[in-house]
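To start, the structure under review is shown below, and the notes come after it.
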Amino acid sequence: MRERKMDKAELERLKDKVPCAAVLERAGFALDIKQSTRKAMKYRRDAAIIIVIHDGKGWFDPLGDDKGDVFRLVEHLEGVPFVEAMNDVACLVGFVPSGPVRQRESRDREPDLSISERWQARRKPWRGSATWCYLTEARHLPEHIIRVAVAASVLCEGPHGSMWAAHVDAGGALTGWEERGPEWRGFATGGAKVLFRLGRPGALRLCVTEAAIDAMSLAALESFRADTLYLSTGGGWSPATDAALRALVARLSVRLVAATDNNRQGDIYAGRLLALAGAAGCGCERLRPVADDWNADLKTRIGEGGEGEKTEGRMPAVRLKGEASPGSRRPLTRPGGEAAAGEGSRRAEEDGDP
């Protein structure tokens, strides 16, 4: 067969002609526009998720370790050997995905500054700034939660009123940041997802969410429990994230709370977290928002309590939907506990490295 004799140049030309989106659309995947960014297009089929990167030429499975080019994608989805995958891709030449396409913004080069330098060049949010208004008005975060995050040096002003939320490793070194704004979401170019962390580093209750916005929203709903470290994976599960979580649950008396979204993807992430806790022998539980995510729950609570609740020092008590995980040694209780916002508020204007 002619395909068997294709050289490397011919294979590269074939890859250029067939985007990964074509394979996914044919296989029944649909583009999740809301969850996609310019550089990472998220496709879903039931509980399966594939992220398309490199301008449509590459992909990875965020819930597993599989990744590669368009040929590897066919192998992954169809379970066929490379030659069959190559033939399959050749049949898709000229196939144009019907979904919307995001065009890569051209630029001559990658940023000149390092991750740390780019972070340090940005200001922290201040009352009345574009980012502050986005967080309080669009996301309904209470001001005292924002002050705590600013004091902890985990928030910066991003472009066009967006928020940068720092990811750091176990040693506190900045590795990147989540980017969220009115019309933008993504992750720092050249950065690496590890964990967004808000709260006392030595806290023994670890609440893991999928986004920094949700971590801060849950902190608000729980009146910022002093015994809790609120975490975000940024929607990823890199080896660095896995290692960071394993280091946290290796401590004595730790309780891991899988506070991921109330949907299929959230359940998959929660399953990984509960399995990780089980392997470490620590307590664990599944905590679900009533709506899809914790920020949606927070907005509902703000709506019920009135606009004045946004700037008060404590959120009203709220009963959250949850379920104890298999093997959990104590029942799930309503979130509560002492507020930790006071001390953070008094330090709101202090600067420091993340």
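- The heavy-atom pair separating Ala40 from Ile51 by the smallest distance is CB-CG2, 3.7 Å.
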Check: Phe224 and His144: ring-ring contact (aromatic ring centres under 6.0 Å, His included), yes or no, with the steps?
Finding: CA-CA 10 Å; Phe224 208 113; His144 76 281; 7.7 Å; no

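- Here the CG atom belonging to Asp55 is positioned 11.0 Å from the SG atom belonging to Cys20, to the nearest 0.5 angstrom.
- For the 3.5 Å distance criterion, the side chains of Ser162 and Arg185 fail to qualify, holding no donor opposite an acceptor.
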Note to self: Trp177 vs Met163, test: side-chain contact (heavy atoms from CB on, under 4.5 Å). Steps then yes/no.
What the structure shows: CA-CA 9 Å; Trp177 52 83; Met163 170 207 75; over 6 Å; no

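- Between Phe71 and Leu14, the closest side-chain pair of non-hydrogen atoms falls below 4.5 Å.
- Taking 4.5 Å as the limit, every side-chain heavy atom of Ile268 sits out of range of all side-chain heavy atoms of Ile49.
- Put simply, the side chain of Thr136 reaches to within 4.5 Å of the side chain of Ile146, judged on heavy atoms.
- Minimum interatomic distance between Pro289 and Asp297 (heavy atoms only, all atoms of both residues): CA-OD2, 3.3 Å.
- Applying the salt bridge (Lys or Arg N to Asp or Glu O under 4.0 Å) criterion to Lys57, with sequence neighbours excluded, gives Asp16.
- Counting heavy atoms from C-beta outward, Arg44 and Gln265 have side chains that approach closer than 4.5 Å.
- For the side chain to side chain contact (heavy atoms under 4.5 Å, CB included) criterion with Leu248, the lone passing option out of Leu231, Leu256, Leu276 is Leu231.
- Thr260 has its side chain within reach of Arg286: a pair of non-hydrogen atoms, C-beta onward, lies under 4.5 Å apart.
- Under 3.5 Å, the side chains of Thr131 and Glu157 contain a donor-acceptor pair of N or O atoms.
- Nearest heavy-atom pair, Trp294 versus Leu287, reported as atom, atom and distance to 0.1 Å: CZ2-O, 3.6 Å.
- The CG atom of Asp88 sits 10.5 Å away from atom CD of Glu75, with the distance rounded to the nearest 0.5 Å.
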Next item on the list: Please lay out, stage by stage, how Trp132 and Arg147 fare under the test side-chain contact (heavy atoms from CB on, under 4.5 Å).
Entry: CA-CA 10 Å; Trp132 190 284; Arg147 291 193 184 101; 3.7 Å; yes

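- Separation of atoms CZ (Arg26) and CG (Leu77) is listed at 9.0 Å; rounding is to 0.5 Å.
- Neither Ile33 nor Phe187 shares a network with the other; the hydrophobic side chains, linked directly or stepwise wherever heavy atoms of I, L, V, M, F, W or Y lie under 4.5 Å apart, form separate groups for each.
- One side chain, Glu178 or Ser232, offers a donor N or O that lies under 3.5 Å from an acceptor on the other.
- Side-chain contact check for Phe29 versus Val23: every heavy-atom pair is 4.5 Å or farther apart.
- The distance from the CG atom of Asn263 to the CZ atom of Arg288 is 9.5 Å, given to the nearest 0.5 Å.
- Of all heavy-atom pairs between Thr175 and Val194, the closest is OG1-CG2, 3.5 Å.
- A side-chain N or O of Ser153 and one of Lys124 form a donor-acceptor pair less than 3.5 Å apart.
- Here the straight-line distance linking atom CZ of Arg272 with atom CG of Leu245 works out to 11.0 Å at 0.5 Å rounding.
- The backbone N or O of Leu221 lies less than 3.5 Å from no partner atom in the side chain of Arg301, so there is not a single donor-acceptor pair.
- Contact of the Trp164 side chain with the Arg180 side chain is not registered, since no non-hydrogen atoms from C-beta on lie closer than 4.5 Å.
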Next item on the list: Quick one: do Leu73 and Val89 satisfy side-chain contact (heavy atoms from CB on, under 4.5 Å)? Show the steps, please.
Entry: CA-CA 10 Å; Leu73 179 58; Val89 171; over 6 Å; no

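- With rounding to the nearest 0.5 angstrom, the OH atom of Tyr230 is 6.5 Å from the CZ atom of Arg225.
- Listed here is the closest heavy atom pair of Phe196 and Ala166: CD1-O, 3.2 Å.
- Of all heavy-atom pairs spanning Ile115 and Gly176, the tightest one is CG2-N, 4.1 Å.
- The shortest side-chain heavy-atom distance between Leu204 and Arg251 falls under the 4.5 Å cut-off.
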Item checked: side-chain contact (heavy atoms from CB on, under 4.5 Å) evaluation trace for Leu298 with Asn295 -> CA-CA 5 Å; Leu298 179 62; Asn295 190 242; 4.2 Å; yes

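- Take Ser116 and apply the side-chain hydrogen bond (donor to acceptor under 3.5 Å, both in side chains) test, not counting sequence neighbours, and it matches no residue.
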